[in-house]
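Structure first, commentary second.
Values below: every heavy atom of this structure, side chains too, minus hydrogens, waters and symmetry copies.
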Amino acid sequence: MRETFHIEVIGSDGEEVVTRISVRVGSLESAQERALRLFARARVPQRRDEPAHSVRVIDGAGREVFHRTRFEEGD
């Protein structure tokens with residue numbers, strides 16, 4: 001069964017949502033993969049003055065089910 005997840009990329013200040021998309025996928029793992037790809041693109045130096053701080057996935061009930069910061073990525 002497909003479920004809707006909301007992916008938010010958080011800016012360098014750690015609070016501002018700079019990108020928000022909704023995806024319908026079959027599993028949380030698929031949403032996580034999509035979130036990590038979006039996060040990688042948001043961290044490209046040409047995109048913004050400073051790299052994105054984190055990405056999170058929120059399920060249809062409004063609960064945060066995945067969170068990754070740039071520090072966990074090895075920066």
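Proximity of Phe5 to Leu28: side-chain heavy atoms (C-beta onward) are separated by under 4.5 Å at one or more points. The side-chain heavy atoms of His53 and Val9, taken from C-beta on, include no pair separated by under 4.5 Å. Taking the side chain as every heavy atom from C-beta outward, Glu16 and Asp13 approach each other to under 4.5 Å. Taking the side chain as every heavy atom from C-beta outward, Arg20 and Ile7 never approach each other to under 4.5 Å. Looking at heavy atoms from C-beta onward, Leu38 lies out of side-chain contact with Glu8 at the 4.5 angstrom threshold. Under the 4.5 Å side-chain criterion, counting only non-hydrogen atoms from C-beta, Ile10 is in contact with Val17.
Between the side chain of Arg2 and the backbone N or O of Arg24 there is at least one donor-acceptor pair closer than 3.5 Å.
Here the shortest heavy-atom pairing between Gly11 and Val18 reads CA-CG1, 3.8 Å. The minimum heavy-atom distance linking Asp59 with His6 is given by the pair O-CD2, 4.0 Å.
Separating the OG atom in Ser54 from the CZ atom in Phe39 is a distance of 6.0 Å, to the nearest 0.5 Å. Within the model, atoms CZ of Arg34 and CZ of Phe66 stand 14.5 Å from one another, a figure rounded to the nearest 0.5 Å.
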Next item on the list: Mind running side-chain contact (heavy atoms from CB on, under 4.5 Å) on His67 and Val55 for me, showing each step along the way?
Entry: CA-CA 6 Å; His67 185 264; Val55 65; over 6 Å; no
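In this structure, Ile21 is not a member of the same hydrophobic cluster as Ile58, with clusters built from ILVMFWY side-chain heavy atoms closer than 4.5 Å.
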